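In what follows, a single structure is set out as structure tokens and then discussed.
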Amino acid sequence: MQKYLIILTGPTGIGKTSTGMALAKHFNTEIVSSDSRQIYKELNIGTAVPNKEELALIKHHLIQNHSIHENFNVSKFENEALDIINSLFKKNNLVLLVGGSMLYIDAVCNGIDNMPDTDPEIRDILKNRLESEGIESLRFQLKKLDPDYYNTIDLKNTNRIIHALEISIMTGKPYSNFLTKSKKERSFSIIKIGLNCERAKLHNIINTRVDHMVNAGLEDEARNLYHLKHLNALNTVGYRELFAFFDNEISREKAIELIKRNSRRYARKQLTWFRNDDEMNWFEPNQTTEIITFIENKIDKK
RNA sequence: GGGGAGAUACCGAAGCGGUCAAACGGGGCAGACUGUAAAUCUGUUGGCUACGCCUUCGUAGGUUCGAAUCCUGCUCUCCCCA
């Protein structure tokens, strides 16, 4: 029996959760989340996780099942998501992957190359060197250790330089050796559904949603996490801006304004990414019926 | 009613006779993307039949070889005095 993974994605705020719920109900299946921040149990309001009622109605996976103290990453996500998806396929022919984290979705669909997990110590050393010696020093070393990558990478992107360096240093092999650019085989078919609407409308939704989050107590949530602000998981829209407010760098109003702006920008980045995906089938958020018909037609034809 | 200040591109704000399609900031738009990805980085922002052309600096005229920049009328905004 052919198995189908339905990818439901789109920009933040577009309505993936509710559409996903409707699809899960109709196809009598479960939802695997592909959201890099809803995966953390300490994060709630700011990540707009499905609420208790929703979670009670439809079984969700990879929601709030990790801690921000862990070193989570795409590769771990790929493995965990695939495990869950494959086990769900034992009882369902169709499983939903719902979320907006582009790279995470990509890892489930196409896989990510095998390479060692990064070593926090090496990263710290490199970061310190960046501070003390400047980016040139790191570039210089990268040029020596991995000239190929050095020639293709954006040399202003410190994160990428640091990652390439840490892998090259850890393994003694150029980072680019690990990049196979090959696509991993999956045992299931993939149908991609993208939700989008008029940009002005999306901005409106996002702005209102941020106001709702603030009313729901986002500030308290952030304040309780403030002492952990150095954690990568908290380098996230909705938290970092409030941390800046707590640090007296900006006003509360400014923080809220920035959360809105950064959410809008995040939405745009998501759309840039998804637009490039030829396999994406686009719908408006209220077209649940059309989406269901679309999926059923796709499945019937096979 | 009297006096003063000002109207610049999506917004804020420089410019104060040519080197101005107009600094700078914000916002927007576009793009890159392999273990930090809600991250990180890049480009762009009057129009076009695009190494050139066309229309822009409240509005209508005027001065000048040449105006966003000078002069005049008008409209609107703000401030002070009545």
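Model, not experiment: these values are computed from the prediction.
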Nearest-nucleotide pick for A:D117, side chain only, options being B:G35, B:U34, B:A39: B:G35
Who passes ring pair (Phe, Tyr, Trp, His ring centres under 6.0 Å) against A:F72, sequence neighbours left out? A:H66
Can you name the side chain to side chain contact (heavy atoms under 4.5 Å, CB included) partners of A:N262, sequence neighbours left out? A:V237, A:E241, A:L258, A:R265
Of all residues at least two apart in sequence or in a different chain, which pass the side chain to side chain contact (heavy atoms under 4.5 Å, CB included) check with A:D247? A:Y226, A:K229, A:E249
Does A:T118 have a side-chain nitrogen or oxygen under 4.0 Å from the phosphate oxygens OP1 or OP2 of B:U36? yes
Note: for A:E257 and A:K181 on RNA chain B, the residue whose nearest nucleotide lies more 5' is A:E257
Strictly below 4.0 Å, heavy-atom distances to any atom of RNA chain B: list the hits from residues 123-143 of chain A, or just say none. A:R123
Under 4.0 Å between a side-chain N/O of A:Y266 and OP1 or OP2 of B:A37, yes or no? no
Contacts to RNA chain B from residues 202-218 of chain A, heavy-atom cutoff under 4.0 Å, which residues? A:H203
Proximity to the side chain of A:R261 - top-ranked nucleotide from B:A39, B:G35, B:G26: B:G26
Using the P atom on both, measure B:C53 against B:A22 and round to a whole Å. 14 Å
Using a 4.0 Å heavy-atom cut-off, does A:T47 contact any base of the nucleic acid, only the sugar-phosphate backbone, or nothing at all? base
Out of the candidates A:D277, A:N281, A:T9, only one should pair with A:K192 under the side chain to side chain donor-acceptor pair (under 3.5 Å) rule; please name it. A:D277
Output all residues satisfying ring pair (Phe, Tyr, Trp, His ring centres under 6.0 Å) with A:F89, sequence neighbours left out; order by chain, then residue number. A:F188
Would one find a side-chain N or O of A:R265 under 4.0 angstrom from OP1 or OP2 of B:U40? no
Rounding to an integer number of angstrom, what distance separates B:G3 and B:C65 when you compare their C1' atoms? 39 Å
Please measure how far the C1' atom in B:C24 lies from the corresponding atom in B:A13, and state the result in whole Å. 8 Å
Report each atom pair, protein N/O against N/O of nucleotides 31-33 of chain B, whose distance is under 3.5 angstrom.
{"unit_1": "B:G31", "atom_1": "OP2", "unit_2": "A:R275", "atom_2": "NE", "d": "3.4"}
{"unit_1": "B:G31", "atom_1": "OP2", "unit_2": "A:R275", "atom_2": "NH2", "d": "2.6"}
{"unit_1": "B:A32", "atom_1": "OP1", "unit_2": "A:N276", "atom_2": "ND2", "d": "3.3"}
{"unit_1": "B:A32", "atom_1": "OP2", "unit_2": "A:N276", "atom_2": "ND2", "d": "2.7"}

Without swapping roles, check the side chain of A:Q270 against the backbone of A:G100 for a donor-acceptor pair under 3.5 Å. yes
Strand RNA chain B in bracket notation, Watson-Crick/G-U under 3.5 Å with | for pairs to another chain: ((((((((.[[[..)..(.....]]]((((((.......))))))(((...)))...[[[[[..)....]]]]]))))))).
Phosphate-side-chain proximity, A:R240 and B:A39, N/O vs OP1/OP2 below 4.0 Å: yes
Starting from A:F178, walk the hydrophobic network (Ile, Leu, Val, Met, Phe, Trp, Tyr; side-chain heavy atoms closer than 4.5 Å) and list everyone else you reach, by chain and number. A:M115, A:I122, A:L126, A:L130, A:I135, A:L138, A:L142, A:L145, A:Y149, A:Y150, A:I153, A:L155, A:I161, A:I162, A:L165, A:I167, A:I169, A:M170, A:Y175, A:L179
Quick note, salt bridge (Lys or Arg N to Asp or Glu O under 4.0 Å) partners involving residues 20-36 of chain A, not counting sequence neighbours, are A:E30-A:K91
In whole angstrom, give me the gap between the P atoms of B:C76 and B:G52. 43 Å
Taking all non-hydrogen atoms of both residues, which atom of A:M213 and which atom of A:A48 are closest, and how far apart? CE-CB, 3.8 Å
Within residues 224-232 of chain A, residues whose heavy atoms come under 4.0 Å of RNA chain B: A:N232
Quick one: list whatever passes ring pair (Phe, Tyr, Trp, His ring centres under 6.0 Å) with A:H61, sequence neighbours left out. none
Between the base of B:U36 and the side chain of A:N235, is there a donor-acceptor distance below 3.5 Å? no
Which nucleotide in B:A39, B:G27, B:A37 has an atom nearest any side-chain atom of A:N159: B:A39
